[in-house]
Amino acid sequence: NAGVTQTPKFQVLKTGQSMTLQCAQDMNHNSMYWYRQDPGMGLRLIYYSASEGTTDKGEVPNGYNVSRLNKREFSLRLESAAPSQTSVYFCASSEATGGNQPQHFGDGTRLSIL
Amino acid sequence: AQSVTQLDSHVSVSEGTPVLLRCNYSSSYSPSLFWYVQHPNKGLQLLLKYTSAATLVKGINGFEAEFKKSETSFHLTKPSAHMSDAAEYFCVVTPWSSASKIIFGSGTRLSIRP
């Protein structure tokens, strides 16, 4: 009963390096999301995918790209990492993007940019 | 526009005593409201949700929350705290129609004294 799986769990990058964070869900959910969590703040939405083949910007999309590879997988890419992108990244999924749909979260990827 | 304010960044209670975590929200449309819990180094887990049905919502692990439209509040309570309740709690608001405008509160850290 894996739910939402994120890889890797930890990563350290140098400024300017690129990186792809992977996310997969096994609940047959249509919608998937990427968030970042910074100290003392709640989660902020980076990008989301309402369904397979669609992606849209959230609150803080600058510096990131996403790919909805298939219904199960949704990846987040940092093309040129910056120290301001040091954060904990969470992937989530839900049956649909309706606001009344609860989201299921992975355990996060802790990313440090030096 | 919408926003959510968690009124306490840290709450400390003794084991066996009541828990109250306070959340106020503002929304220009009918909101869905959620409480999530995050244990250390884990993703967020749904505690309960309000989606315009009963105003008193029961969740997992003995938690409940009451939606008060006149006070724009959605406070989380539990009659008797357990050591395992120690975690970070997030109040979340979204428009009923779409999760793309989701807003997380900044979180309340709950500590339990033996």
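Everything numeric here is computed off the predicted structure, so don't read it as measured data. Worth knowing before you read on, the calculation uses all heavy atoms, side chains too, and leaves out hydrogens, waters and symmetry mates. Naming convention: chains lettered A, B, ... in sequence-line order (proteins, then strands); numbering from 1 in each chain.
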Novice: Compile the donor-acceptor pairs, distance criterion under 3.5 Å only, formed between chain B and chain A.
Specialist:
residue	atom	partner	partner atom	Å
B:Y36	OH	A:Q103	N	2.9
B:Q38	OE1	A:Q37	NE2	3.1
B:Q38	NE2	A:Q37	OE1	3.2
B:G43	N	A:D107	OD1	3.3
B:K49	NZ	A:N100	O	3.1
B:T94	OG1	A:G99	O	2.8
B:W96	O	A:G99	N	3.0
B:A99	N	A:T97	O	2.6

Novice: Could you tell me which non-hydrogen atom of B:V57 sits nearest to which non-hydrogen atom of B:A54, and how far apart they are?
Specialist: CG2-O, 3.7 Å
Novice: State, to 0.1 Å, how close B:V93 and B:V4 come at their nearest heavy-atom pair, and which atoms those are.
Specialist: CG1-CB, 4.0 Å
Novice: Can you hop from A:F90 to A:F10 via hydrophobic side chains spaced under 4.5 Å?
Specialist: no
Novice: So which heavy atom on B:R113 is nearest to which on B:S14, and how close?
Specialist: NH2-OG, 3.1 Å
Novice: Against chain B, label A:L43 side chain, backbone, both or neither, depending on which of its atoms sit under 4.5 Å from a heavy atom there.
Specialist: both
Novice: Could you give all pairs that pass the salt bridge (charged side-chain N to carboxylate O under 4.0 Å, His left out) test and reach residues 23-37 of chain B, with sequence neighbours left out?
Specialist: none
Novice: Do any of residues 70-80 of chain B have a heavy atom less than 4.5 Å from a heavy atom of chain A, and if so, which, in residue order?
Specialist: none
Novice: What's the spacing between B:E64 CD and B:L47 CG if we round to 0.5 Å?
Specialist: 12.0 Å
Novice: Counting only heavy atoms closer than 4.5 Å, note whether B:L44 contacts chain A via side chain, backbone, both or neither.
Specialist: both
Novice: Taking salt bridge (charged side-chain N to carboxylate O under 4.0 Å, His left out) as the cut-off, I'd like each qualifying pair that reaches into residues 15-25 of chain A, sequence neighbours left out, listed once.
Specialist: none
Novice: What is the minimum heavy-atom distance between B:A81 and B:V13, and which atoms define it?
Specialist: CB-CG2, 3.8 Å
Novice: Between A:V4 and A:F105, does a side-chain contact (heavy atoms from CB on, under 4.5 Å) hold up when you go through it step by step?
Specialist: CA-CA 6 Å; A:V4 178; A:F105 288 81; over 6 Å; no
Novice: Considering only heavy atoms from C-beta outward, does the side chain of B:N61 approach that of B:V37 to under 4.5 Å?
Specialist: no
